[in-house]
Protein chains: 2
Amino acid sequence: MPKVTPKPTTIEHVDLDVLENTLSFYIRTMNIAVSRDLDERLEGYDVARGTGKITTLLLVDSHPGIRPSVIAQIIMKDRSAMGRLIDQMIEHGLLTRQTSERERRAHELFVTPKGAELAATIRPIVTEQSKDFFSFIAEEEQAQVMDILRRAYRKMVGMTGEQH
Amino acid sequence: MPKVTPKPTTIEHVDLDVLENTLSFYIRTMNIAVSRDLDERLEGYDVARGTGKITTLLLVDSHPGIRPSVIAQIIMKDRSAMGRLIDQMIEHGLLTRQTSERERRAHELFVTPKGAELAATIRPIVTEQSKDFFSFIAEEEQAQVMDILRRAYRKMVGMTGEQH
DNA sequence: GGCAAATAGTGGACAAATGCAACTATTTTT
DNA sequence: AAAAATAGTTGCATTTGTCCACTATTTGCC
């Protein structure tokens, strides 16, 4: 209980308590910043806002017939959220959906020409955004972090890399 | 336009297109997973859910009198979101707020005894959660990633480390 | 001194995202 | 043939984030 009004703590002098050494803190915080920046760059592209639209578009584009549930695993959403995401993208004319003939429970997704075009437009933007955003980290270090996180991610979603 | 029904793409065989080499993808995705895990561990602690409560509590605890706008910068929220967060925490009896005497526009935040207690409870949980969650990454690698992200974060929020 | 601009915080409205649970349809197990 | 598992949909309640306008106070400038 300080007797005098404390000097205002400015951001330069703040230490982050235990968060200083907590990886999850940095992941969570950087996420906010990266996502915001990405949204700005994609403004107007009807794939902006929220995690998942970009991944979904690119995935369907490069894996025609991929099923919603597979994408859901990859972007860590539950099926209902995934479904809504797809509805949205179909409404925007980016994807089509049809029932699989061999698995009539499942759906298969395909890009429309518009979707394919958007995918092509997006690809370089997404790549550059990431590079630019992290440009104050040396290339090698970026690669290092990415390499480590990639392995972590793969274990997490069960991409073992085994071919059978 | 495939003539036959394509074989279903399973998660083991998916490649992530350009996202494979996009750091922002991994940050965004890992964020979802870490945050979910954290929420589970903090369930019931009225500091769970959403980014910011934990940081706010720990920051106020270790910097009595800190101002909302400083915290806002640190957790990258705008002032109105920050205000609501604080309202919530005051309602829960974790913080108190008073007008600064030297800057009557500004507020100063303090923890209540209950808040201090919660901070003490939370601290080890948060630290361990991060370690556990990333336990499949070697300690050194964790440290490496953290070190790099820390520097990135600091530049971003303007923590230059200068003492004046 | 006095006016304009900057800073700190509040409050309202609105659009999205998230999580949960219940429900249908289809396939697989037993 | 019945039960369990899988794929997807729908509705609902909660939360979050964002934008904008508004007040109070301080600082800078003429």
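A note on names: the letters A, B, ... follow the listed sequences, proteins ahead of strands, and every chain is numbered from 1.
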Both A:Ala48 and A:Glu103 contact DNA chain C. Taking the nearest nucleotide for each, which residue is further toward the 5' end?
A:Ala48
Heavy-atom side-chain contact between B:Ile75 and B:Leu59 under 4.5 Å:
no
Distance in angstrom units between A:Arg105 CZ and D:dG8 P, rounded:
9 Å
Without decimals, in angstroms, what is the distance between A:Ile32 CD1 and D:dT18 P?
9 Å
So A:Arg84, base contact, sugar-phosphate only, or nothing? Heavy-atom distance under 4.0 Å.
base
Measure the distance from CG on A:Asp46 to P on C:dA15 and round it to the nearest whole Å.
18 Å
What's the CG-P distance between B:Leu109 and C:dT10, to the nearest Å?
9 Å
C:dA17 phosphate, OP1 or OP2, under 4.0 Å from A:Lys53 side-chain N/O:
yes
Would you say B:Arg104 places a side-chain N or O within less than 4.0 Å of OP1 or OP2 belonging to D:dT25?
yes
Nearest heavy-atom neighbours spanning B:Met156 and A:Phe136:
CE-CZ, 3.5 Å
Base, sugar-phosphate, or nothing for A:Ala106, non-hydrogen atoms under 4.0 angstrom?
sugar-phosphate
Which ones in residues 73-80 of chain A lie close to DNA chain D, meaning a heavy atom under 4.0 Å from one of its atoms?
A:Arg79, A:Ser80
Does CD in B:Glu20 sit with more than 12 non-hydrogen atoms of other residues, nucleotides or ligands closer than 6.0 Å?
yes
Nearest-neighbour nucleotide for the A:Gln88 side chain, C:dA17, D:dT9, C:dT27 considered
C:dA17
When rounded to whole Å, the CZ to P distance for the pair B:Arg97 and C:dG9 reads 9 Å
Check whether any side-chain N or O of B:Lys114 sits under 3.5 Å from a backbone N or O of B:His92 as a donor-acceptor pair, and report yes or no.
yes
C:dA25, D:dG8, D:dT26: which one has an atom nearest the side-chain heavy atoms of A:Pro68?
D:dG8
Are any of the side-chain nitrogens in B:Glu141 or A:Arg151 under 4.0 Å away from the carboxylate oxygens of its partner?
yes
Between C1' on C:dT18 and CG on B:Asn31, what's the gap in Å once rounded to a whole number?
13 Å
Drop me the distance from A:Ile32's CD1 to B:Lys77's NZ, to the nearest 0.5 angstrom.
6.5 Å
Output the rounded distance in Å from NE2 (B:His107) to P (C:dG11).
10 Å
If I take atom CZ in residue A:Arg102 and atom C1' in nucleotide D:dA7, what distance separates them, rounded to the nearest angstrom?
16 Å
When you compare the side chains of A:Asp17 and B:His63, does any donor N or O come within less than 3.5 Å of an acceptor on the partner?
no
